[in-house]
Amino acid sequence: MDLGAITKYSALHAKPNGLILQYGTAGFRTKAEHLDHVMFRMGLLAVLRSKQTKSTIGVMVTASHNPEEDNGVKLVDPLGEMLAPSWEEHATCLANAEEQDMQRVLIDISEKEAVNLQQDAFVVIGRDTRPSSEKLSQSVIDGVTVLGGQFHDYGLLTTPQLHYMVYCRNTGGRYGKATIEGYYQKLSKAFVELTKQASCSGDEYRSLKVDCANGIGALKLREMEHYFSQGLSVQLFNDGSKGKLNHLCGADFVKSHQKPPQGMEIKSNERCCSFDGDADRIVYYYHDADGHFHLIDGDKIATLISSFLKELLVEIGESLNIGVVQTAYANGSSTRYLEEVMKVPVYCTKTGVKHLHHKAQEFDIGVYFEANGHGTALFSTAVEMKIKQSAEQLEDKKRKAAKMLENIIDLFNQAAGDAISDMLVIEAILALKGLTVQQWDALYTDLPNRQLKVQVADRRVISTTDAERQAVTPPGLQEAINDLVKKYKLSRAFVRPSGTEDVVRVYAEADSQESADHLAHEVSLAVFQLAGGIGERPQPVTNILTKRIN
Ligand SMILES: CC(=O)N[C@H]1[C@@H](OP(=O)(O)O)O[C@H](CO)[C@@H](O)[C@@H]1O
Ligand SMILES: [Mg+2]
């Protein structure tokens, strides 16, 4: 380690005085102008992690669904998964070290993690379309090179594409080719094969409207569309040619406001979907004949996918176990449907895909989705082997099902939730099952729900247990929530500190929208009173909605 060079270059990426940041649910995120030093330092950290794991490490510059002025960075571990928790702590230490302490922190990390500094390092970098991203990714590269690491800059990529690249590079090409072309070809081939098997479903020429949040998803989908145009025609909206990133559009907007994005004309019963700003989330929606908006979120996506996979397994006759992983935000109706109607075991983890991903790895087939549309399916090596054998040996019907499963496995991005890959999976399943968007939606009816945010002086006063469904501190809060929940039918509510924003999130569901709104408001007041609320007291939901419209 050339400590002199590190000090010299670090001064060119100086940390603003007093700025403290935390490696949160999805890495560091804040205003782009505060991130230069963090990028440089994450370049350094990626090199250390690469040396320690003797693998390629990824660095993605993005702030996903956050406003265009923000940015962020996260590291991607060898199998395309999120950075290990112990390294998240190192990341926080390094990002917050004052200039004069940098050398010591770097040495500390190297010693604690027994990093062999002589080992080669390789880092791959991707970035979204934010105006600040190019310069910030250059700062990552500065960090990588000053520690003697090699790198490949992929430039503009969706977040899941970068995860895919990392996974491919560390598995000797078995998962796929680590190029953008390789990604397009692998997914499109699987998709076209699958849709060829679909018997005509009435919907002769399949088309889909896609809101790309004015982000990277638009660029990449446009590049990719001719690869799969045999099976699906996509019409892109909010493609970045005029609107602002994530502004009044995108998956996060659609899910949280429960209304369609601006800039998209929707005719009744047309199938539409939205990506978020870095294209790792997707939600579907449509307008019914009466003009009512219907959202099909991550929970319903997980239901469609897991029921299809379960049916295929039955046809193949393999007794492989399948599990669905959700978070506390999953709609109660979805959990009930999965458990009681589909008889699929459902597990709940803490928010953040790393938790879901980890749990999903315990099954032969693990399907995980956050309600906001971030998720994928994971297949164990044993499954992949069994299916490959079945696809070659079994009788006709079984072989067909096994072939289908083989292609579905190829179509999923098993490194991370991926809007493009999930979209193709969903489109393939709808085509194969001959389902319309309304039929899919009708699997179950969502319980009315409401999410709110409460400002408190220090959100860390709230700690939780039971996958964030119960508050342990501050004292009395959980009892207050329990008493409020009792007042409503089919009700449930919980609170947790956000890992990406300085707020406490409140979630409530009940038998009617009015009840869900009241319950969410009352729980917000309890948080405000018992957990040190600051600023204006939480307003009733109707006031908030009126303000949003004006
Ligand atoms: C309720 C909700 O949607 N929370 C989101 C949000 O996390 P919070 O910790 O709730 O701020 O951002 C995460 C990263 O994108 C995402 O994984 C998660 O689902
Ligand atoms: Mg995202």
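All residue numbers in this chain count up from 1 along the given sequence. One-based numbering, in listed order, for ligands and for the atoms of each. Bear in mind the structure is a predicted one, so any value in this text is a computation, not a measurement.
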If you measure every N or O of Q451 against every N or O of ligand 1, does any of those distances drop under 3.5 Å?
no

For D278 and S64, does a side-chain donor sit closer than 3.5 Å to a side-chain acceptor?
yes

So which of E370, R29, K255, R505 gets nearest to atom 16 (C) of ligand 1, if we judge by its closest heavy atom?
E370

Single hit among K244, K31, R130 for salt bridge (Lys or Arg N to Asp or Glu O under 4.0 Å) with E69
K244

Within ligand 1, which atoms have a heavy atom of R496 less than 4.0 Å away?
8 (P), 9 (O), 10 (O)

For ligand 1, which part of T351 has a heavy atom less than 4.0 Å away: the side chain, the backbone, both, or neither?
side chain

Quiz item: cation-pi between K359 and Y347, 6.0 Å / 45°:
yes

Taking the N/O/S atoms of D276 one by one, which is nearest to the Mg ion (ligand 2)?
OD2

From atom 15 (O) of ligand 1, work out which of R281, K74, K350, H374 has a heavy atom at the shortest distance.
R281

Is T62 close enough that one of its N/O/S atoms sits under 2.8 Å from the Mg ion (ligand 2)?
no

Determine whether the side chain, the backbone, both or neither of T500 has a heavy atom under 4.0 Å from any heavy atom of ligand 1.
both

Quiz question: by atom type and distance under 3.5 Å, do the side chains of T62 and D128 form a donor-acceptor pair?
yes

Please indicate whether any nitrogen or oxygen in S498 is less than 3.5 Å from any nitrogen or oxygen in ligand 1.
yes

For the atom pair OG1 (T158) and CG (L162), what is the distance rounded to the nearest 0.5 Å?
8.5 Å

Tell me which protein heavy atom sits closest to atom 14 (C) of ligand 1, plus the residue, atom name and distance to 0.1 Å.
A26 CB, 3.8 Å

Any side-chain heavy-atom pair from F369 and I305 closer than 4.5 angstrom?
yes

Pick one of side chain, backbone, both or neither for how Y329 approaches ligand 1, counting any non-hydrogen atom pair under 4.0 Å.
side chain

Is the Lys NZ or Arg CZ of K74 less than 6.0 Å from the centre of F28's six-membered ring, within 45° of the axis?
no

Nearest non-hydrogen protein atom, atom 3 (O) of ligand 1:
N372 ND2, 3.0 Å

Contact flag D278/the Mg ion (ligand 2), N/O/S atoms, threshold under 2.8 Å
yes

Atoms in ligand 1 with a heavy atom of G499 nearer than 4.0 Å
8 (P), 9 (O), 11 (O)

Roughly how far apart are D252 CG and N66 CG, rounded to 0.5 Å?
8.0 Å

Checking one value in my table: which N/O/S atom of D280 lies closest to the Mg ion (ligand 2)?
OD1

Is the gap between the ring centers of Y154 and Y183 under 6.0 Å?
no

